[in-house]
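By convention here, the first residue in the shown sequence is residue 1. What's counted below: heavy atoms across the whole structure, side chains too, no hydrogens, waters or symmetry copies.
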Amino acid sequence: MATPGPVTPEAPFEPSQPPVIEGFSPSVHSTSESFKEKFLHKTRENPMVPIGCLGTAAALTYGLYCFHRGQSQRSQLMMPTRIAPRASWS
């Protein structure tokens, strides 16, 4: 069994600096966006996502309301309906 030679230490880790990963840029945008600005930016890029989320939430809420009122037929109808907005995007 051979004994390993002396190990040369790599560059010391600097905790105040982000790690350097080859081919990766930690920030694509040079300016930081607030939550509202980012939400509006993403909504403009793909407006169907918030519309689908609202449709899904509305169908779920109405289905739960019908269930609470004892309208089980309508409640059961609304459960697959909440998936319809998302399935139509495919």
* To do: State, to 0.1 Å, how close Gln76 and Pro80 come at their nearest heavy-atom pair, and which atoms those are.
  => O-CD, 3.0 Å
* Rounded to the nearest 0.5 Å, what's the gap from OG on Ser72 to CG on Leu77? Could you check? => 11.5 Å
* To do: Determine whether Met78 and Tyr65 fall in the same hydrophobic cluster, where Ile, Leu, Val, Met, Phe, Trp and Tyr are linked whenever their side-chain heavy atoms lie under 4.5 Å apart.
  => yes
* Evaluate the side-chain proximity of Tyr62 to Arg74: yes if any heavy-atom separation is below 4.5 Å, no if none is. => yes
* Asked: Between CD1 of Ile51 and OG1 of Thr43, what distance do you get to the nearest 0.5 Å?
  -> 9.5 Å
* Could you list all the side chain to side chain donor-acceptor pair (under 3.5 Å) pairs where at least one residue sits in residues 44-53, not counting sequence neighbours? => His41-Glu45
* To do: Check Gly63 against Ser75 and note the closest heavy-atom contact, atom names and distance.
  => O-OG, 3.1 Å
* Structure fact -> Contacts of Leu54 meeting side-chain contact (heavy atoms from CB on, under 4.5 Å) (sequence neighbours excluded), chain-then-number -> none
* **Partners passing side-chain hydrogen bond (donor to acceptor under 3.5 Å, both in side chains) against Gln73 (at least two apart in sequence or in another chain)** => none
